[in-house]
2 protein chains.
Amino acid sequence: MAMIETLKKPSRIQRRNRKKILDAALEVFSQFGFRGATLDQIATEAGLSKPNILYYFDGKEAIYHTLLQGLMETWLDPLRALVHDGDPKAELLDYVDRKLAMSRDFPRESRLFANEILQGAPLIKDALDGELKALVDEKAALIQQWIKEGQIAPIDPHHLIFSIWSLTQHYADFDVQVRAVLGAREPFAEAGSYLKTLFTKLLTP
Amino acid sequence: MAMIETLKKPSRIQRRNRKKILDAALEVFSQFGFRGATLDQIATEAGLSKPNILYYFDGKEAIYHTLLQGLMETWLDPLRALVHDGDPKAELLDYVDRKLAMSRDFPRESRLFANEILQGAPLIKDALDGELKALVDEKAALIQQWIKEGQIAPIDPHHLIFSIWSLTQHYADFDVQVRAVLGAREPFAEAGSYLKTLFTKLLTP
DNA sequence: CCACAACCTGACCAACCGGTCAAGAAAATT
DNA sequence: AATTTTCTTGACCGGTTGGTCAGGTTGTGG
């Protein structure tokens with residue numbers, strides 16, 4: 001039996017090696033994109049042989065697919081956590097903080113996502129049109145309500161969300177450029193206070 | 001003689017075919033990155049045979065290098081145009097406009113650049129550390145002066161520049177995602193007025 | 001400690017990769 | 001028109017790619 005039945009409970013070895021493979025694949029895919037990455041690279045990075053990797057996954061695309069699918073969930077969690085639960089402005093600033101923290105702590109995930117979108121999102125186009133759009137529309141409606149209530153300044157909710165994504169992920173995706181320009185300065189600490197200022201000014205009515 | 005002497009003036013055919021190749025390469029490299037792109041793809045896109053492409057360029061890397069070198073110049077032009085020449089706030093808003101227009105009119109160039117940075121900028125690291133940093137530092141000093149004169153609000157100049165890059169290029173690099181979320185709405189027109197609002201609020205003391 | 005399943009790998013394969021080359025076709029020069 | 005230069009390509013090459021497979025090794029439950 002060449003392939004693992006996902007129905008059965010995975011063994012200890014399976015869990016360990018699948019994790020090793022996915023971690024190695026994240027490293028390689030996030031740097032070179034799907035087409036630029038090779039199984040040999042992933043195998044070396046994972047410390048396993050190439051055939052052994054194909055014992056755990058159906059192929060290169062299956063690894064990439066698994067990685068991206070798992071990523072989509074955790075990537076949208078911060079936005080899901082945006083609810084009507086106190087001060088709207090503080091709520092949105094918290095969302096910015098959470099997203100910036102993700103850029104700082106999971107830059108590879110951010111870059112993998114960026115790579116996929118850059119290439120036209122061949123694998124997650126459906127998720128963008130469906131799941132993502134639905135979630136964003138829902139949160140945009142919430143923001144629109146806050147605006148109507150006069151709790152934050154009147155701005156386009158969709159573009160507000162875009163700007164939060166853009167500004168926070170920039171520090172992960174363009175890390176090399178940011179550090180080249182800043183020299184020895186620490187990007188993320190500065191970005192935190194800068195973005196707080198920016199969004200406070202933007203959201204204050 | 002296999003290679004073209006750049007010292008001699010290029011013939012009509014040379015100009016036409018080199019342009020065809022660079023245009024095709026821009027299309028392919030911007031979508032798949034350096035490693036993910038193939039010469040066959042570029043050849044097909046250009047409507048030329050693979051050996052013919054290698055008649056005009058020294059190899060895959062030479063095409064990529066030529067493309068990136070030419071891009072760096074035009075990509076920084078809008079920032080170079082940022083000078084002390086009237087109202088600082090209007091000056092900066094104009095810069096935002098110019099950058100957004102570039103994202104709208106040259107999305108492939110933006111994505112090529114993004115791809116290179118994502119992969120750690122292996123080819124233009126030197127340019128980032130040198131030319132780019134110098135230019136940004138110069139303009140940051142200019143912005144700092146405006147702040148000191150009280151003409152714009154006190155914010156970190158470097159991160160201000162980052163946020164302009166980030167917010168404008170996002171609409172080119174993440175075009176698929178933006179359009180998926182917005183549905184039938186036209187991104188760039190909306191982005192124009194949104195960003196004008198954002199930066200006006202940010203820069204007003 | 002045995003038997004069976006799970007795990008691992010060296011050797012191999014067809015397809016594709018970037019790049020070469022000799023020789024022909026088209027332009028330009030005379 | 002002749003000739004030289006520029007341009008173009010089919011056939012080919014060594015290396016790499018994703019993937020297979022038979023058979024060996026390791027772990028595990030009885």
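We use all heavy atoms of the structure for the numbers below, so side chains are in, but hydrogens, waters and symmetry mates are not. Here is how names work: the chains are called A, B, and so on, in the same order as the sequence lines, proteins then strands, and each is numbered from 1.
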Pair B:His159 and A:Tyr171, ring centroids less than 6.0 Å apart: yes
Partner of A:Leu112 by side chain to side chain contact (heavy atoms under 4.5 Å, CB included), out of A:Trp75, A:Phe106, A:Tyr64: A:Tyr64
Protein-nucleotides 22-30 of chain C N/O pairs closer than 3.5 Å?
{"residue": "C:dA28", "atom": "OP1", "partner": "B:Arg12", "partner atom": "NH2", "Å": "2.8"}

OP1 or OP2 of D:dG10 under 4.0 Å from side-chain N/O of B:Asn52: no
A:Asn17 CG - D:dT26 P separation (whole Å): 15 Å
Atom-to-atom span, CZ of A:Arg18 to P of C:dC8 - whole angstrom: 13 Å
Nearest-0.5 Å distance, CG of residue A:Leu132 to CG of residue A:Asp129: 9.0 Å
Side-chain H-bond candidate by donor/acceptor type, B:Asp156 with A:Tyr194, under 3.5 Å: no
Between A:His170 and A:Asp175: side-chain donor-acceptor atoms closer than 3.5 Å: no
Distance, rounded to the nearest Å, where A:Leu48 contributes CG and D:dG18 contributes C1': 17 Å
Main-chain N/O of A:Thr38 paired with A:Gln41 side-chain donor or acceptor, under 3.5 Å: yes
Residue pair A:Lys201 / B:Leu202: nearest heavy atoms and the distance that separates them: NZ-O, 3.3 Å
Atom-pair distance (CZ on A:Arg16; C1' on C:dC8), nearest Å: 12 Å
N or O in side chain of A:Tyr55 less than 4.0 angstrom from C:dC7 OP1/OP2: yes
Contact summary for A:Ala140 and A:Ile161, nearest pair of heavy atoms: N-CD1, 4.4 Å
What's touching nucleotides 18-21 of chain C from the protein side, N or O pairs under 3.5 Å?
{"residue": "C:dG18", "atom": "OP1", "partner": "B:Ala37", "partner atom": "O", "Å": "3.3"}
{"residue": "C:dG18", "atom": "OP1", "partner": "B:Leu39", "partner atom": "N", "Å": "3.4"}
{"residue": "C:dG18", "atom": "OP1", "partner": "B:Lys60", "partner atom": "NZ", "Å": "3.2"}
{"residue": "C:dG18", "atom": "OP2", "partner": "B:Leu39", "partner atom": "N", "Å": "2.9"}
{"residue": "C:dG18", "atom": "N7", "partner": "B:Lys50", "partner atom": "NZ", "Å": "3.0"}
{"residue": "C:dG19", "atom": "OP2", "partner": "B:Lys60", "partner atom": "N", "Å": "2.8"}
{"residue": "C:dG19", "atom": "O6", "partner": "B:Lys50", "partner atom": "NZ", "Å": "3.4"}

Side-chain donor/acceptor of A:Ser30 to backbone N/O of A:Arg111, under 3.5 Å: no
Rounded interatomic separation in angstrom, taking CD1 from A:Ile53 and P from D:dT17: 13 Å
Whole-Å distance separating the CD1 atom of A:Ile42 from the P atom of D:dT17: 11 Å
D:dC7 phosphate, OP1 or OP2, under 4.0 Å from B:Gln14 side-chain N/O: yes
